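Atoms considered below: every heavy atom in the structure, side chains included; atoms not considered: hydrogens, waters and symmetry mates. In each ligand, atom 1 is the first atom listed, and ligand 1 is the first ligand listed. Keep in mind that this is a model prediction, so the values were computed, not measured.
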Amino acid sequence: MPDLRNAPLSPATRLAQALHHVEERTGAVTPSIQPSATYARGPDYAPRQSYIYRRDGNETTELAEAVIADIEGAASTLLFASGMSAANAVLEALPMGAHVVAQDVMYHGVLHQLRKHHGTGRLVVDLYPAGDLDAMRAAMRAGQTALVWVETPNNPDWTVTDIAAAADIAHSAGAQLITDCTATPPPCCRALDLGADISFHSATKYLNGHSDVTAGALSVAQPSAMWDEIADIRKLQGTVLHSFDAWLLVRGMRTLMLRIERQSASAITFAQHFGGHPQLQSVLYPGLPTHPGHDIAARQTGGQFGGMLSLITRGSEQTAIDTARHCRLFYPATSLGGVESLIEHRKTVSGPGFNVHPNLLRLSIGIEDASDLIADLQQALEAAT
Ligand SMILES: *Cc1c(COP(=O)(O)O)cnc(C)c1O
């Protein structure tokens, strides 16, 4: 395979060709799936390549990692069996009692893990209001804070954090910054370029884009002792992404640019249509020029704001639930970033203990015709009130 890492080609071209993949032996332009759980040693009894056993990873997974590293501008990417297994590997790599600063509103699974580790004393976690960099700075303990976890835009409010400014705050206290930019994937948002030390993505979402894989990606600009530890945790926990899922992920990523452009365009049309709607209290979408984080998001994502937005309905919590229930086109399902549009009453799905507006509906805009999606929500709002 020619190395396209430094070739002057646009990310759309590199993604469409999965780095101009050609299988050496056959000329196949799609990769093979390498599912072996074990590897025969060579005549000298040494491993033929770096593989001994399935938990080491495999060629198919490494191709998916190479594609993500390319669009992230990363020196190294590791793929895990889910976003959560990647997140947990980072937390496990922290020393006992390490101080972590994170947002009070972020993906519920990661927040749950942080609270659990705080409760047992495994980690000491301070939460600050999402997007408030002064509060983040105040939560830092110089020389003690090991990790700052930023999710931008955050789930499910889509509050934007300036990654470069957050990196400065983290670094001046001697901490590392990890970013979760799952809602605006690379190459739109390249967190490592903006100063993040570790870039996290749930590849289940936009990167794969077809709701048929769970996967988590971690990427770094510079490998470190902590990076080696994370790789070791993946190997010893057996959380490497399976080769079948890696193959689906490579196939999905070939259309990432088409999908994200379409989803971003439809989301802005959708958000503008429903702005000021009498049955809605607000529309939360960083692509709207009136959103407080719009300018930072525009800078950080190159103007592709993604397909995630939330609506706060007027009336009771039940009206919000009924709106999701009456949709005919939007699937009433959790997750995001797939080709099909989804709607969920976030409070029902995240459960008790999370700071979610009771009337919040989270929408993942797919690649369907935007006018069909608008008509569907319109009739659902009418049916619910
Ligand atoms: C889905 C998601 C995760 C967790 O990833 P899984 O692949 O579901 O384990 C983490 N962060 C964000 C923002 C997500 O949307």
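- Salt-bridge formation is not detected for the pair Asp376/Arg328: no Lys NZ or Arg NE/NH1/NH2 atom is positioned less than 4.0 Å from an Asp or Glu carboxylate oxygen.
- For the side-chain hydrogen bond (donor to acceptor under 3.5 Å, both in side chains) test, residues two or more places apart in sequence or in another chain that qualify with Asp56 are Lys235.
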What does the N/O contact table under 3.5 Å look like for ligand 1?
from: ligand 1; atom 1: 5 (O); to: Ser202; atom 2: OG; distance (Å): 3.0
from: ligand 1; atom 1: 7 (O); to: Gly83; atom 2: N; distance (Å): 2.8
from: ligand 1; atom 1: 7 (O); to: Ser202; atom 2: OG; distance (Å): 2.9
from: ligand 1; atom 1: 7 (O); to: Thr204; atom 2: OG1; distance (Å): 2.6
from: ligand 1; atom 1: 9 (O); to: Gly83; atom 2: N; distance (Å): 3.0
from: ligand 1; atom 1: 9 (O); to: Met84; atom 2: N; distance (Å): 2.8
from: ligand 1; atom 1: 11 (N); to: Asp180; atom 2: OD2; distance (Å): 2.7
from: ligand 1; atom 1: 15 (O); to: Lys205; atom 2: NZ; distance (Å): 2.7

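- Proximity of Leu91 to Gln113: side-chain heavy atoms (C-beta onward) are separated by under 4.5 Å at one or more points.
- Taking 4.0 Å as the cut-off between side-chain N and carboxylate O, Arg190 and Glu72 do not count as a salt-bridged pair.
- Ring centroid separation for the pair Phe305 and His294 comes in under the 6.0 Å cut-off.
- Here the side chains of Leu361 and Ser310 are not in contact, with every heavy-atom distance at 4.5 Å or above.
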